[in-house]
Amino acid sequence: DIQMTQSPSTLSASLGDRVTITCRASQSISVWLAWYQQKPGKAPKLLIYKASTLESGVPSRFSGGGSGTEFTLTISSLQPDDFATYYCQQYNNFSPLTFGGGTKVEIK
Amino acid sequence: QLQLQESGPGLVKPSETLSLTCDVSGGSIISNTYYWGWIRQPPGKGLEWIGSIHNSGTTYYNPSLKSRVTISVDTSTNQFSLKLYFVTAADTAVYYCASPHSTAMLAFDIWGQGTMVTVSS
C-alpha cells in the first residue's frame with residue numbers, strides 16, 4: 001500500500017494568514033494526488049486534483065503543488081469558511097486508494 | 001446535476017451483514033466509464049476507501065477489507081450497493097458513496113451526504 005502522511009495534524013492560524021499543508025507519499029505517485037476539505041458533519045469536498053488543478057468553483061486562494069512523493073496545499077489568505085479538516089488522497093492506481101490522516105485548520 | 005444518496009440500516013448487530021445502497025440521480029450510472037466508490041469514516045477519524053465498481057461490474061477492493069466486502073451495481077435501478085460481512089464495532093462509521101471526477105477518475109468529486117452505521121448488540 002502507498003502510505004500518505006500529512007503534516008501538521010493540526011494547524012492554528014488567523015484570518016488572512018498564508019497556510020501550507022504537506023502530504024508525503026511512501027513511494028512516487030507522479031501527480032496523482034487530490035485534496036479535499038471536510039467540515040463537521042459534511043461529506044468531503046474535492047478542491048484540487050492532479051496535484052495542482054483547481055476543481056471548478058473552488059476559490060483561487062487554494063493552490064496545490066508537488067510531484068513524486070511530496071505535495072503541498074496552500075491557502076494564500078485564510079478566510080472564515082476555510083476552517084476545516086483537509087485530506088490528501090493518492091490515486092496512482094487501485095492499490096489501494098489511500099488518504100492522508102488529515103490536517104485540522106483551527107482559529108488561532 | 002448528479003446526486004448520490006446512501007440508504008440502509010443505521011444499526012447492525014456484531015457478526016451480521018451491513019448492507020447499504022447508493023441511489024444515483026440526475027444522471028445515468030452507465031453514462032460514463034467511471035468507477036463508483038464507497039468510502040467510510042469512523043467517528044473522529046480519517047477516511048478509508050472501501051472499494052470501487054465499474055458499471056460493467058469490475059470491482060476493486062481495499063485489501064484490508066477484501067475478504068468481507070462485496071460491491072455490486074444495478075444499472076436498471078441506477079444504484080450500486082455495499083455489503084460488509086461479519087461486522088464488528090470497528091466497522092462503526094459514516095459510510096459515503098461517491099462518484100469519480102470526469103478526468104481524475106480515481107478521485108471523487110460528488111459524494112453522498114453519508115450514512116452513520118453503528119455496530120452494536
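Residue Pro40(A) does not touch chain B at all, counting heavy-atom pairs closer than 4.5 Å. Using a 4.5 Å cut-off between heavy atoms, Phe94(A) touches chain B through backbone and side chain atoms alike. If you measure heavy-atom distances from Ser52(B) to chain A, the contacts under 4.5 Å come from the side chain alone. For Ile39(B), the part lying under 4.5 angstrom from a heavy atom of chain A is the side chain only. If you measure heavy-atom distances from Gln38(A) to chain B, the contacts under 4.5 Å come from the side chain alone.
The closest side-chain heavy-atom distance from Pro44(A) to Tyr96(B) is below 4.5 Å. Within the 4.5 Å cutoff, no side-chain heavy atoms of Asp109(B) are placed close to those of Tyr49(A).
Note that the OG1 atom of Thr85(A) and the CG atom of Leu47(B) stand 9.5 Å from one another [nearest 0.5 Å]. Here the straight-line distance linking atom CD of Gln41(B) with atom OH of Tyr87(A) works out to 4.5 Å at 0.5 Å rounding.
Leu46(A) and Tyr35(B) fall within the same hydrophobic cluster, defined by Ile, Leu, Val, Met, Phe, Trp and Tyr side-chain heavy atoms under 4.5 Å apart, directly or through other members. Under the 4.5 Å side-chain heavy-atom criterion for Ile, Leu, Val, Met, Phe, Trp and Tyr, Tyr91(A) and Val58(A) are members of distinct hydrophobic clusters. Each of Tyr85(B) and Tyr61(B) belongs to its own hydrophobic cluster when Ile, Leu, Val, Met, Phe, Trp and Tyr are linked at side-chain heavy-atom distances under 4.5 angstrom. With hydrophobic clusters built from ILVMFWY side chains whose heavy atoms lie under 4.5 angstrom apart, Phe62(A) shares a cluster with Val19(A). By the criterion of side-chain heavy atoms lying less than 4.5 angstrom apart, applied directly or through intervening Ile, Leu, Val, Met, Phe, Trp or Tyr residues, Ile29(A) is not grouped with Phe108(B); the two fall into different hydrophobic clusters.
Side chain of Gln89(A) to main chain of Leu106(B): a donor-acceptor pair is present (N/O by atom type, distance under 3.5 Å, no hydrogens or angles). The backbone N or O of Asn93(A) sits nowhere less than 3.5 Å from a side-chain atom of Tyr60(B) that would complete a donor-acceptor pair.
With a 6.0 Å radius and a threshold of 12 heavy atoms from other residues, nucleotides or ligands, Lys39(A) has its NZ atom above the threshold.
When all heavy atoms of Trp49(B) and Pro96(A) are compared, the closest pair comes out as CZ3-CB, 3.2 Å.
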